[in-house]
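The residues of the chain are indexed from 1 along the displayed sequence.
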Amino acid sequence: MPLALLALAVGAFGIGTTEFVMMGLLPDVADDLHISIPAAGHLVSAYALGVVVGAPLLAAATARMPRRTVLIALMALFVAGNALSALAPGNGSLLAARFLSGLPHGAFFGVGAVVATAMVPPERKARSVSLMFLGLTVANIAGVPAATLLGQHLGWRATFLAVSVIGLAAIASLALLVPSDRGHAPAAGLRGELAALTSLPVWLALGTTVAGFGALFAAYSYVTPMLTGSAGYTDASVTALLALFGVGATAGNLLGGRLADHSLRGTLFGGLVSLAVVLALFPLLMRAGWSAALAVTLLGTAAFVTGSPLQLMVMEKAAAAPSLASSANQAAFNLANAGGAWIGGLALAAGLGTTSPALAGAALAVLGLGVAGVAHAVDRRRGTPSPGRVVTSHLPEGSQALHP
């Protein structure tokens with residue numbers, strides 16, 4: 001695997017850290033800015049909104065720019081957003097800075113996935129995407145806990161300054177390690193990228209992402225009350241258990257990348273089935289401490305097995321112009337975050353029990369499996385080869401424009 005994938009992983013590590021660290025810093029931010037916890041929670045929503053808005057817009061706006069230049073520019077915007085977050089004098093300015101920080105998130109992963117797959121042989125494309133996403137999953141194990149502790153001891157502003165430094169390290173890594181483009185920007189341009197989003201298979205792939213990862217967030221958003229209310233854990237022990245989720249996610253991400261290089265569709269189906277089974281078993285697994293810890297780990301594994309296949313599936317369906325579709329898939333991940341949490345909350349508010357969000361998530365996983373099945377049927381009707389082992393003809397457009 002090219003060393004350049006390390007540069008993409010460093011950027012993903014910084015993005016993953018800043019995305020999730022706010023959850024642990026909400027009380028500190030609320031106290032410092034003299035706002036309520038629910039008001040501080042809007043800072044999480046502001047970031048997610050930035051991702052959803054920025055992913056397609058920035059990908060479209062940079063469609064004709066060399067991809068290495070785009071990655072560096074996106075990471076520079078990320079650094080600016082986090083630096084402004086650290087310097088924000090009040091809640092309004094912090095909301096704006098968090099929105100700005102979220103803007104490059106989706107486009108970075110979208111363009112980064114295109115670059116990552118262009119640097120490897122066809123049979124290693126899914127693995128290359130999983131190695132880029134490795135930075136995101138490792139952030140949940142190391143980056144978020146470390147950044148939370150830093151914020152609790154030195155103030156929340158220090159956390160965002162530290163994340164800015166990670167972003168600067170990512171810029172240096174991208175400049176040094178990512179291959180330069182031969183010639184000019186990808187030929188498809190904005191019109192070609194927009195045309196990719198009119199394809200039914202692309203929309204079915206995006207729908208699978210929303211439903212599949214909505215299943216994860218329906219349960220994960222309420223995993224703390226499950227662990228404390230059903231499994232009997234204390235609030236202080238939840239942080240260590242969430243690290244187990246990160247371990248499972250990292251293992252699932254790497255496993256999914258390897259399996260998807262052999263069977264893209266099979267890995268996706270298998271991951272969604274596994275996710276539905278794990279979530280359906282949550283009410284049983286949450287009855288004891290050891291099984292609850294196992295459930296959290298398996299949840300991360302099952303969910304992230306599907307991460308690389310879903311990203312690559314969108315790119316396969318928009319092979320002539322993958323950047324915008326790939327970035328749109330990142331917006332779909334964040335829609336899944338918001339939608340899954342909302343559906344899980346409905347189950348909880350209806351009085352269906354502490355573990356009911358997991359059962360709602362299982363239903364969403366089954367829905368995702370159904371959408372993936374429809375996509376498979378559409379491919380067969382159109383005579384399109386079902387994505388199995390990736391073949392050379394499916395290399396993303398412009399992949400020959402990169403050299404080591």
Checklist entry - Is there a donor-acceptor pair closer than 3.5 Å between any side-chain N or O of N337 and the backbone N or O of F333? => result no
Checklist outcome for this item: Of all heavy-atom pairs linking S130 and N253, the shortest is O-ND2, 2.6 Å
Checklist outcome for this item: With S128 as partner, the option from D261, V120, V115, L312 fulfilling side chain to side chain contact (heavy atoms under 4.5 Å, CB included) is V120
Checklist entry - Between L241 and A293, which heavy-atom pair has the shortest distance, and what is it? => result CD2-CB, 3.8 Å
Checklist entry - So which heavy atom on M75 is nearest to which on A170, and how close? => result CG-CB, 3.9 Å
Checklist entry - How about F108 and F78: are their ring centres within less than 6.0 Å of each other? => result no
Item to check | Non-hydrogen atoms of T209 and A332 that approach each other most closely | outcome: CG2-CB, 3.8 Å
Next on the checklist: Any side-chain to backbone donor/acceptor pair from Y222 onto A341? Under 3.5 Å, distance only.
Outcome noted: yes
Item to check | Side chain T18, main chain G14, donor-acceptor under 3.5 Å | outcome: no
Item to check | Taking every non-hydrogen atom, the tightest pair across A7 and L174 | outcome: CB-N, 3.7 Å
Checklist entry - Where do A280 and A362 come nearest, in terms of heavy atoms and distance? => result N-CB, 3.9 Å
Next on the checklist: Between L299 and L275, does the side-chain contact (heavy atoms from CB on, under 4.5 Å) criterion hold? Intermediate values first, please.
Outcome noted: CA-CA 7 Å; L299 177 63; L275 182 58; 3.8 Å; yes
Checklist entry - Partners of F217 by ring-ring contact (aromatic ring centres under 6.0 Å, His included), sequence neighbours excluded? => result none
